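Worth knowing before you read on, the calculation uses all heavy atoms, side chains too, and leaves out hydrogens, waters and symmetry mates. In the text below, chain A, chain B and the rest are named by the order of the sequence lines, each starting its count at 1. Everything quoted here is computed from the prediction, not taken from an experiment.
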Amino acid sequence: MENKNKEIAKLFYRLADALEIKGESGFKVVAYQKAARVLEDLTTDVAELVAQGKLSEIPGIGRGMAEKIEEYLKTGKMTRYEEVMKEVPGGLLQLLEIPGLGGRTIHQMHKELNVNNLEDLKRVIEDGSLEKLYGMGKKKVENIKKGIELFEHAQERMPIYEAMTIAEEVIDYLKKAEGISHVSTAGSLRRMKETIGDIDILATGRDGLKIIKHFVAFPRTVRVLAEGETKGSILITTEAGERQVDLRIVEEDSYGAALQYFTGSKAHNIKLRGLAKDKGLKISEYGVFRGEKKIAGRSEEEVYGVFGLPVFPPEMREDHGEIELALEGKLPVIVEPADIKGDLHVHSNWSDGVMTLEEVAEHGKQLGYSYIAICDHSQAARYAHGLSPDRLAEEIKEIDKLNSKLKGIKLLKGIEVDILGDGTIDCSEELLKKLDIVVASIHSGFKKNVTERIIAALKHPLVNIIGHPTGRLISGREGYDVDVDKIIEAAAEYGKILELNAYYDRLDLDEFNLKKAKEKRVLISIGTDTHYAHGFGMMRYGLGIARRAWLTKKDIINTLPLSKLLSRL
DNA sequence: GCCGTTTTCGGCCCGACTGTTTTCAGTCG
């Protein structure tokens with residue numbers, strides 16, 4: 001079913017870690033990490049590439065990697081991996097996750113003190129033998145102790161919604177600091193990844209020391225990890241636990257270079273640095289330099305401009321071919337917030353939402369939308385006060401009545417209908433025909449013939465859209481037992497639409513599946529699935545993911561004006 | 001381990017910070 005790309009990527013990541021501890025060349029380690037990342041991001045099945053003999057055409061995959069991949073696909077084993085794992089116990093690999101500990105130190109501790117796991121490490125700290133190692137000292141051991149503490153309280157990556165909320169709160173607070181001018185998010189948050197590790201913020205100002213001082217005094221700071229002239233790092237308390245926020249301060253004339261640099265991704269930056277090198281230039285967070293002379297740095301326009309490149313949307317900066325395309329002048333123009341004309345998945349208080357129909361319309365108007373699809377649950381969704389046929393008929397009348405009064409916005413008559421266990425739809429054709437839009441979703445039987453059921457729903461002539469097609473929850477639910485590739489193919493065959501559910505914990509389809517859908521020319525609808533007013537704001541996360549998948553205006557149906565949307569449906 | 005019409009060998013992004021060092025190594029982002 002699922003292809004083996006991610007599985008092999010994981011092996012390569014572990015191999016990279018193990019080689020690092022073995023003390024192999026850092027370049028080899030990086031090569032494995034790169035190969036792993038490339039595999040993770042690949043939208044085609046590696047097995048397919050092997051079949052076509054195109055595996056080593058992928059940048060980052062050479063002979064060595066190709067052989068290992070082929071061996072694994074053929075035999076389910078990777079000899080090199082198993083050899084290395086024999087030498088490097090799993091307990092040692094784990095130590096790499098301790099901040100401040102790297103391969104070199106772990107290698108040394110293993111060789112000289114026979115440290116094989118976290119317990120051993122704690123022992124050699126306590127008995128003082130670690131401190132006596134060459135190059136060690138009181139402070140280093142103290143640091144490792146702190147690292148262990150952080151590691152043991154380590155947080156998972158946080159959902160983007162949480163990260164954005166914290167970042168905006170901190171940014172508001174920072175703006176009150178004296179002498180601060182620009183402030184921006186950076187890192188994976190600015191690139192709108194679905195989950196975020198640390199929150200990165202960049203600012204400019206004359207007196208770095210003062211700004212950092214203000215920063216670490218943030219009301220919810222529980223621990224200051226670093227406090228310097230250009231850099232501060234704090235742990236703050238949140239409802240979900242402790243989160244790390246990093247702040248960097250740079251001079252005004254380096255703001256663009258720093259923003260570019262700290263936004264990343266790492267892979268994108270490495271490629272850019274390669275271009276600089278070819279031109280005999282040097283690029284850093286302070287600017288672009290020819291020899292000693294700084295030739296750019298004030299803005300991202302300036303920095304990218306040196307290389308004849310446009311300012312890439314942050315979401316595209318992943319080294320997924322964007323730099324090469326831009327050099328050829330072929331960078332696609334991806335969807336923007338202003339392109340979105342409406343929300344295609346909203347619940348009202350007719351089922352399990354809290355807003356009245358009027359309130360939904362009012363909020364939509366404020367957002368500048370020209371339509372909103374009311375998609376309340378069907379009767380099978382009892383837990384969500386799903387609508388009986390009578391209630392649905394009543395809601396349809398109600399919406400018609402309301403629409404005759406509304407100006408500047410229209411509510412679409414819709415439903416989020418359950419796909420039942422046998423693949424049928426939980427609503428009569430007679431009623432479906434009265435609706436403008438039909439979203440069909442799986443809400444029960446997550447392991448029961450899900451692929452077949454969804455395909456049956458796609459075949460149904462009155463179904464327009466499949467809602468949250470994989471059912472995954474980012475905070476911890478695998479999703480249905482579903483073959484997404486088959487769903488995408490079926491959607492293409494029957495000319496149906498797949499949803500990008502913009503609710504931050506769903507973001508379903510995800511960026512990888514969206515790319516596949518786009519390749520098969522399957523149209524996407526973005527809906528927030530909101531049940532309350534605040535949830536309309538989820539659109540920005542859906543858009544972020546759509547942009548990460550390089551979707552353009554044409555790939556998304558809710559960029560269409562009302563009349564065109566209705567005729568497409 | 002990957003990569004290349006200047007190279008099939010010798011490079012591989014760059015800088016801050018820290019702590020251990022008499023000039024640099026390790027870690028991080």
Side-chain angles (χ1 to χ4, degrees), chain A residues 12 15-16 18-38 55-69 80-81 84 95-109 130-144 146-147 150 186-191 196-202 208 212 225-233 244-250 254 257-258 260-289 319:
Chain A
F12 282 168
L15 210 34
L19 293 176
E20 196 178 346
I21 291 171
K22 261 168 61 79
E24 297 259 359
S25 141
F27 297 115
K28 203 180 270 193
V29 173
V30 168
Y32 273 103
Q33 285 167 344
K34 172 157 193 200
R37 218 181 42 234
V38 165
L55 188 51
S56 31
E57 281 175 29
I58 309 283
I61 310 278
R63 265 183 74 130
M65 300 291 181
E67 273 172 19
K68 290 176 183 78
I69 294 170
R80 179 77 178 129
Y81 177 80
V84 174
L95 298 186
L96 272 179
E97 291 169 42
I98 296 172
L101 259 192
R104 288 250 120 87
T105 313
I106 295 172
H107 177 71
Q108 195 193 6
M109 294 187 319
L130 183 61
E131 196 182 314
K132 296 198 187 83
L133 278 189
Y134 180 78
M136 273 292 162
K138 264 207 159 49
K139 285 195 171 170
K140 275 203 165 177
V141 172
E142 200 46 46
N143 241 342
I144 293 171
K146 273 188 197 151
L150 282 175
S188 55
L189 181 57
R190 185 162 179 245
R191 300 201 312 282
I196 310 296
D198 298 335
I199 297 167
D200 293 314
I201 297 175
L202 177 73
I212 298 284
L225 299 171
E227 181 181 358
E229 208 174 328
T230 63
K231 212 169 143 177
S233 186
Q244 185 172 336
V245 186
D246 297 338
L247 173 66
R248 283 287 302 238
I249 308 284
V250 295
S254 293
Q260 193 287 316
Y261 177 80
F262 288 112
T263 297
S265 68
K266 191 170 179 165
H268 176 90
N269 285 357
I270 288 173
K271 177 130 311 157
L272 198 63
R273 261 148 241 276
L275 288 186
K277 216 160 187 192
D278 293 345
K279 285 184 181 268
L281 304 173
K282 199 184 64 174
I283 177 167
S284 75
E285 62 258 53
Y286 298 110
V288 184
F289 296 87
D319 189 26

Establish, with yes or no, whether the OP1 or OP2 oxygen of [N] is under 4.0 angstrom from a side-chain nitrogen or oxygen of [X].
X	N	value
A:T230	B:dC17	yes
A:S284	B:dC13	no
A:K68	B:dG1	yes

Which part of the nucleic acid, if any, lies within reach of [X] when heavy atoms closer than 4.0 Å are counted: base, sugar-phosphate only, or nothing?
X	value
A:K271	nothing
A:K34	nothing
A:G103	sugar-phosphate
A:F262	nothing
A:I98	sugar-phosphate
A:K139	sugar-phosphate

When you compare [N] with [M], how far apart are their [atom1] atoms, in angstrom units rounded to a whole number?
N	M	atom1	value
B:dT20	B:dG26	C1'	10 Å
B:dT18	B:dT23	C1'	15 Å
B:dG11	B:dT7	C1'	10 Å
B:dT5	B:dG1	C1'	23 Å
B:dC13	B:dG4	P	14 Å
B:dA25	B:dT21	C1'	9 Å

How do A:V141 and A:E285 order along DNA chain B: which one's closest nucleotide is nearer the 5' end? A:E285
First of A:P99 and A:I283 reached from the 5' end of DNA chain B, by closest nucleotide: A:I283
Other residues, nucleotides and ligands only: do more than 12 of their heavy atoms fall within 6.0 Å of NZ on A:K22? yes
Whether over 12 other heavy atoms sit under 6.0 Å from A:R104 CZ: no
Side chain of [X] only, heavy atoms from C-beta on: which candidate in [options] is closest?
X	options	result
A:K282	B:dG26, B:dG15, B:dG29	B:dG15
A:N143	B:dC12, B:dT27, B:dT18	B:dT18
A:Y32	B:dC17, B:dC3, B:dG1	B:dG1
A:K140	B:dG19, B:dC14, B:dG1	B:dG19
A:Y286	B:dA16, B:dG1, B:dC13	B:dA16
A:R104	B:dC17, B:dG26, B:dG1	B:dG26

Whole angstroms only, please: what is the [atom1]-[atom2] distance between [X] and [N]?
X	N	atom1	atom2	answer
A:E97	B:dC28	CD	P	12 Å
A:E229	B:dT18	CD	P	12 Å
A:I144	B:dT18	CD1	C1'	12 Å
A:Q33	B:dC28	CD	P	12 Å

Go through the side-chain N and O atoms of A:S254 and A:E285 and say whether any donor and acceptor fall under 3.5 Å apart. no
Pair A:L202, A:F262 - check side-chain contact (heavy atoms from CB on, under 4.5 Å), show working. CA-CA 8 Å; A:L202 177 73; A:F262 288 112; 4.1 Å; yes
For the side-chain hydrogen bond (donor to acceptor under 3.5 Å, both in side chains) test, which of A:R37, A:H268, A:K271, A:K34 pairs with A:D319? A:K271
Give the minimum heavy-atom separation between A:A257 and A:S284, together with the two atoms involved. CB-O, 3.7 Å
About how many Å separate CD1 of A:I283 and CG of A:N269, when rounded to the nearest 0.5 Å? 7.5 Å
Partner lookup for B:dG19, please. Criteria are Watson-Crick or G-U wobble with both distances under 3.5 angstrom; report none if nothing qualifies. B:dC24
